[in-house]
Amino acid sequence: MSKRGPLDSFFQPTQPKKPKYEASVEKTHHASYPFPVPHFPAPFAEQLSSSPAVSAGTAMVNRPEFPHLDIVLHRPYIAASISGGVFAFLRQELFFYRVVYTINRGGIDTVVKTPRFTTVFGVDATSRFASDGALVDAKTGRPVDAARYKCTPRPLPACLHDLRRVVEATTGETFNFCLVNYYADGSDSIAYHSDDERFLGDNPAIASISLGARREFCFKHKPVPPSDAASPSPAAQTQTLVPSQQPKVLKLALGSGDMVLMRGSTQKNWLHAVPKRAGVANAVGQGRINITFRKALVRGGTENYYAYNVGKGQVFRWGEREGKMMPWTGEGSGDGVVCV
DNA sequence: ACGGATAAACGCT
DNA sequence: TAGCGTTTATCCG
């Protein structure tokens, strides 16, 4: 057989690529969505319900070198047969935002562009969505009054609702929020932080699913204050541990379909990050989606999550031709759909 | 909870 | 392996 040159491939165009998934006809509609979100294709839904967790989790709880860490690792959690398709589906079918906000740095207001695309669904435990999509009080079931939230909470679309059910079943936890991040390449990141906000309660459980490109997920112990009783001088407040006491940094290279459950004392004691990386590429491209499920207890959580994951900016949607997130102009929605 | 500056570590020859 | 370009970690506003 002769070698194929550029002309051969020009005249013999590549076979139409097998689509990663067959779009479902059914969609979740909601007044708060820029556009409806399709349900999972049947094969995804079937695979997810038939084997909820592909691999049993490995617990890492309070190991000597990782004190106070409490995580469960599933590698993978979602079957390899569908994780690539689930990644492509969510990147294609969800709306995303690139939130811009200002922080005061050393007396100067600085504009910060969140270095990743984000989107969020859910509402804190004081409210819920009725079956017709209306936001109602969790106790009374009566519509929440307009002044209750400055933001507009969005229900989980059916696809993420399916995923939540699976994660709740395997973790034994319950969740009312779903945050989705898209890291377009190695320069998208999230800095070290803890999910230790008051509105999550004392020992929050957070389930984090990775899809797409492999990225490092790093844990670093918070600076340890000297034990209260044993520190007579205020100067000791800034003391750090001697090297032999320093907990190690834990680096997890998370691949498509992997899941990490963080729980217990993890957020109190550890920071986590997805650091920038110079050369990030693998078989499914450079893009990575991270889905986290968590439970916000009070209204403040809802306001916070929508402020930092939706914001006020424009909608982005995956552009297949362009190979990147594109500002979404609402084409095809000239039928009177109003985006709120 | 970001990013520029800069220090430190890595990795190739 | 010394040297050097590149990548990663840390500091701090």
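Side-chain atoms are counted along with the backbone in the values below, which use heavy atoms only and exclude waters and symmetry mates. Within every chain, numbering begins at 1; the chains are lettered A, B, ... in the order of the sequence lines, protein sequences first and strands thereafter.
For DNA chain B, the neighbouring residues in residues 112-120 of chain A, judged by any heavy atom under 4.0 Å, are Val112(A), Lys113(A), Pro115(A), Arg116(A).
At a threshold of 4.0 Å, the pair Asp137(A)-Arg148(A) counts as salt-bridged, since one of the basic side-chain nitrogens sits closer than that to a carboxylate oxygen.
Applying the ring-ring contact (aromatic ring centres under 6.0 Å, His included) test to residues at least two apart or on different chains, the pairs with a partner in residues 91-114 of chain A are Tyr33(A)-Phe95(A), Phe35(A)-Phe95(A), Phe95(A)-Phe121(A), Tyr101(A)-Tyr308(A).
For His161(A), the ring pair (Phe, Tyr, Trp, His ring centres under 6.0 Å) test picks out no residue, with sequence neighbours left out. Tyr305(A) is linked by a ring pair (Phe, Tyr, Trp, His ring centres under 6.0 Å) to Phe177(A), Phe199(A), counting only residues two or more places apart in sequence or in another chain. Contacts of Lys248(A) classified as side chain to side chain contact (heavy atoms under 4.5 Å, CB included), with partners at least two apart in sequence or in another chain: Glu65(A), Phe66(A). The side-chain hydrogen bond (donor to acceptor under 3.5 Å, both in side chains) test applied to Ser187(A) returns Asp185(A), not counting sequence neighbours. Under the side-chain hydrogen bond (donor to acceptor under 3.5 Å, both in side chains) criterion, Glu168(A) pairs with no residue at all, not counting sequence neighbours. Checked against side-chain hydrogen bond (donor to acceptor under 3.5 Å, both in side chains), Arg299(A) has no partners two or more places apart in sequence or in another chain.
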Nucleotide by nucleotide, 5' to 3', does protein get under 4.0 Å of the base (B), only the sugar-phosphate (S), or neither (-) in nucleotides 8-13 of chain B, counting heavy atoms? ------

Can you give one letter per nucleotide of nucleotides 6-13 of chain C, 5' to 3': B if a protein heavy atom sits under 4.0 Å from the base, S if only from the sugar-phosphate, - if neither? -SSSS--B

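Cluster partners of Phe129(A), using a side-chain heavy-atom cutoff of under 4.5 Å among ILVMFWY residues and allowing indirect links, are Val123(A), Leu135(A), Val144(A), Tyr149(A). Residue Leu271(A) belongs to a hydrophobic cluster whose other members are Tyr192(A), Val249(A), with links defined by side-chain heavy atoms closer than 4.5 Å.
Distance Asp196(A) CG to dA1(B) C1': 12 Å, rounded to the nearest Å.
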